[in-house]
Structures are given as structure tokens and as C-alpha cells.
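Owing to the predicted nature of the structure, the values given are computational and were not obtained by experimental measurement. Proteins come first, then strands; the chains are lettered A, B, ... in the order of their sequence lines, and each starts at number 1.
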There are 2 protein chains.
Amino acid sequence: MAEQSGPSTQQIVEKVWLSIAERRLRPGVQLKEEQLATIFSVSRARIRQALAVLERDGLVTIIPNRGAFVSKPSVDEARDVFFVRRTVERCVVERLCKSVSKTDLKRLREHVAKERIANSQDVTSEIIKLSGGFHLLLAETAGSDFLFTTMRDLIARSSLITAVYRNTNRFNCGPDEHAEIVDAIAANDADKATRLMAHHLEHVESELDLTEIRDLSHDLRAALA
Amino acid sequence: MAEQSGPSTQQIVEKVWLSIAERRLRPGVQLKEEQLATIFSVSRARIRQALAVLERDGLVTIIPNRGAFVSKPSVDEARDVFFVRRTVERCVVERLCKSVSKTDLKRLREHVAKERIANSQDVTSEIIKLSGGFHLLLAETAGSDFLFTTMRDLIARSSLITAVYRNTNRFNCGPDEHAEIVDAIAANDADKATRLMAHHLEHVESELDLTEIRDLSHDLRAALA
DNA sequence: TCGTTTCATATTGTTGACAATCTTGCAATC
DNA sequence: GATTGCAAGATTGTCAACAATATGAAACGA
């Protein structure tokens, strides 16, 4: 008769992941167990399981006896994430060029269309959500579970990185570059598609300020932690 | 006064990972909580956290109210893992060709030497341990944390795959192929190194029987689970 | 003999209470 | 006024007991 079991550990992980990916959870924010427990209507034990998973995934940093905090990626980590994205997304795109179907293309184009709308209406939260979602949709469509899981991880980390190091006001993923990539995939032009993707990722990374030492004056405590 | 705290969640995960990677934990084996709790001298709560992490990593499958079992990769998953390995390890090798140091090379060569010894002495457990360790050492030396973490995951899954689908009696990673790869890296010959790595992975994969339907007669129950 | 039911046991899943640790606000001191 | 010390509260970490579920064996009936 145990019905009120609430969301599973993995579902909680997924929800926290989404909040991070959509930048509604900022780096450094503390995730208090009881707080999460009441939000998800589950016991603290399950929350602790979810936090252990999130720590392993690098999205949350647990300081013993202090609590769990949304991770603040270092400059090195940031560079690393984009380095890996270049490889992984290139692989995704190559695979798509080989095996993409009509329905896949339709879904991709619909997604880009949504991005366009969100962009023109300037709904920040939607823009963030959809631009991350595009890269994830590519990975999903490519049909490799492992690649998809990896991209999920990379996207969330990219969100954290952008939250910390973004330099410009513009948002990173413009729908135009996404559209071009889809077009190249549609034409089965792997060379062009990978080139566009590489360029796109460079573009995103270039809007980050990864050269400077992070601002410490504001945030001394967390920086030293 | 809390001294007897025992290994942390992540350390337990690491130990289970190692047991899987070294094939001392076979696919399908049940991991009972109390059993693990006594082995690691920790409470069940911490074991459950570790199991949640391992489930997320795909090394363990949790069936509600039934328990946690070491995962049995499907044929599709197996293909997927090797597909991703081709991309990731190519990336690792390319990076190494650019940035390898003398000390790095020394460590790699020492590792291959150990593999040779284990092989000549025919110590199965050592052979398995070291041949997985070689690929991991490559990733570690490449200097990308994310790549290393990903490879850790891939190696463990490869062990499970090999345990289920290995066809031949020989062991998969011969030290000779490893040695050739190290030589190509030492020569900064990225083309050759990536070619050798690709060939090596194909070789390993070719010793698996991924075309046949898995043998069910022996193991019907777990197969249907 | 085979299949079904029942019951004891084992295992998982949950909960609440407690101890250890950290944070915060306040007062005392220099 | 700034710093230190202390105490109250909040938070994490741990544990053991309990409930829910599955397993396996014995009893029963066809």
C-alpha cells in the first residue's frame, strides 16, 4: 500500500539537472537536504542519494558537514568541457550525416523554429532552455545512448560555466548557427556540418572570459572553500 | 568523536568499479546491501547512495524491491560502447601526440612492460587489470579530467561486455599492440597512433560475438529479468 | 507427479530520532 | 570599533527499528 512514494532518486537527479541546465540554479547555491525533501515530497535519505549522484556527475560539490552546493567550475574545467564538446559533438554530427531520417530532420527544424520564436520574443528563460536543448536533441537523434548521456553532462556543465564566465550580454547559441548545422546535416555534408559545429562551439567559448583570474573580492569565502 | 566513519560513498563506488573493471564481479551478480555494508564496514544508507551512483553510471541495474545487480549490457549497448571508445580514444591519442612528456612516456612504457611480464607469466587477473589500466593511463596522461572520467566508465562497461560476449579464449588487449601505440605517440605521429588505436579497438571488438542471440539456456531467469 | 496455496524468512525501502558539526547572533574584552 | 568567545539554533551524518515486498520451502489437493 505504499503509494505516496514520490519521485525516484533518478527523477530527482533529472529535475535538479534540468534546473542547472536552464540556469535556474546558479553556481554556489546551497542545496539544503530538508528543503529539497519538502520540495520533492520525499525523505532526506532519497535526497542524499540524489546528491551523491549529482556529486559524481560533477554538478554538485559536497563539503563534509557543510552541505551540498551547485558546483563552480574552474577555468581549467571550463576549457576541458569545451575541448571535449568539440570532439563529442563532432562525432554526433558525423553520425547524423550518415543516418539522419526525414522525421529526424523535421524534429530538428521544428526545434530551431521554436528557438527563432523565443529569440524574437526575447524570452530569456526559453532561449536558454531551447539552445541547450538543441545540442541535446542532436545527440539523442544520433542514436547513441552513451553519447546522449555524455552530452547531458556536458550541457549542464556548460550552463554552469556560462553562468560564471560569460562576458557578453548576448546569449550564446544563436538559432542561425543551429539552422545552418541542420541544413548541412540535411545535405549529408559531413565536412561542412563538422566545420560549422566547430565554429559554433568556438563562438560560444569565445564569449567567455577564461583568461582572467576569477573575481575574488566579491566571493572570497566560496573561492577559498 | 565520529572516527569509525569508514570509506566515503565515492570510495565505495570506486571499489565496486574496480571489481567490475577487473572482472571479479560478473554481470548478473546481485549486490546485497547488508552484505556490502559489512564488507565495507558502513551503514546500509551509505551503500544505497553508492548503488544509486553506480546505477546512474550504468554499471548496476536496480530492480525495485528486488535489489541491485551488476548490469548485463545488451548487444546494442555493447556496440555503442565500442563506437564511443573509437571516438574518445582517438581523441586521447591525438592529444597525447601533441603534448606527451618524457616522464609520461616513461610511465607508459613501464606499464606496457608490466603487461608483458603478466602475459608471459600468464597471470589472468593481472593481465585483465593491466590491459584495462593501459587505456585508463592513456586517458589520465592526456590531461583531460572529463576524458578520464568518461574512459573510466567505458572501461568498466567494456569489462562487462567482454564478460558476456567474449568468444575466444585469448585475452583482448595484447601488450604488443599497446607498445606500438606508445611508440607512435613517442614519435608524435598522430596519424599512425590513431590508426593503430582504431585497429586495436576493432581487434578487441572482433573477438566478441555480438551477432548471435545471447546464450539463454544457462541463465534464463536473469536474462529475462 | 504436478501445480497451487500458505507461511516463514530474507531483503529492500522508509522513517524518525539522535549525535556531531557548523553557523549565527550576541556579549565581553581589548 | 574590531576581535574573540560563547551559546542557541540549524544542518548534516548516522543508526536502528519498522513496514513493504519478494523469495523459497513446506503443505495441500488434483
With sequence neighbours excluded, tell me which residues meet side-chain contact (heavy atoms from CB on, under 4.5 Å) with [X].
X       : value
T103(A) : S101(A)
F69(B)  : Q30(B), I63(B), R66(B)
P27(A)  : K72(A), L160(A), A163(A), V164(A)
R48(A)  : E33(A), Q49(B)

Please report the distance, rounded to the nearest Å, between CD1 in I62(B) and P in dT12(C).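 To the nearest whole Å, that distance equals 10 Å.
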Mind listing the N/O atom pairs, protein and nucleotides 8-11 of chain C, below 3.5 Å?
residue	atom	partner	partner atom	Å
dT11(C)	OP1	K32(B)	NZ	3.1

Tell me, which of residues 43-55 of chain A have any heavy atom that sits under 4.0 Å from an atom in DNA chain C?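 DNA chain C contact set from residues 43-55 of chain A: S43(A), A45(A), R46(A).
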Non-hydrogen side-chain atoms of L51(A) and I62(A) separated by less than 4.5 Å: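 L51(A) reaches I62(A) side chain to side chain.
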In chain order, what residues pass the salt bridge (Lys or Arg N to Asp or Glu O under 4.0 Å) check against R26(B), with sequence neighbours excluded?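 For R26(B) there are no salt bridge (Lys or Arg N to Asp or Glu O under 4.0 Å) partners, ignoring immediate neighbours.
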Pairs where residues 128-140 of chain B contributes a residue and the test salt bridge (Lys or Arg N to Asp or Glu O under 4.0 Å) is met, not counting sequence neighbours: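 Only E126(B)-K129(B) qualify under salt bridge (Lys or Arg N to Asp or Glu O under 4.0 Å).
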Please collect all ring-ring contact (aromatic ring centres under 6.0 Å, His included) contacts where either partner lies in residues 129-154 of chain B, sequence neighbours excluded, each pair once.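 As it turns out, the ring-ring contact (aromatic ring centres under 6.0 Å, His included) pairs with a partner in residues 129-154 of chain B, which skip direct neighbours, are F134(B)-H178(B), H135(B)-H178(B), H135(B)-H200(B).
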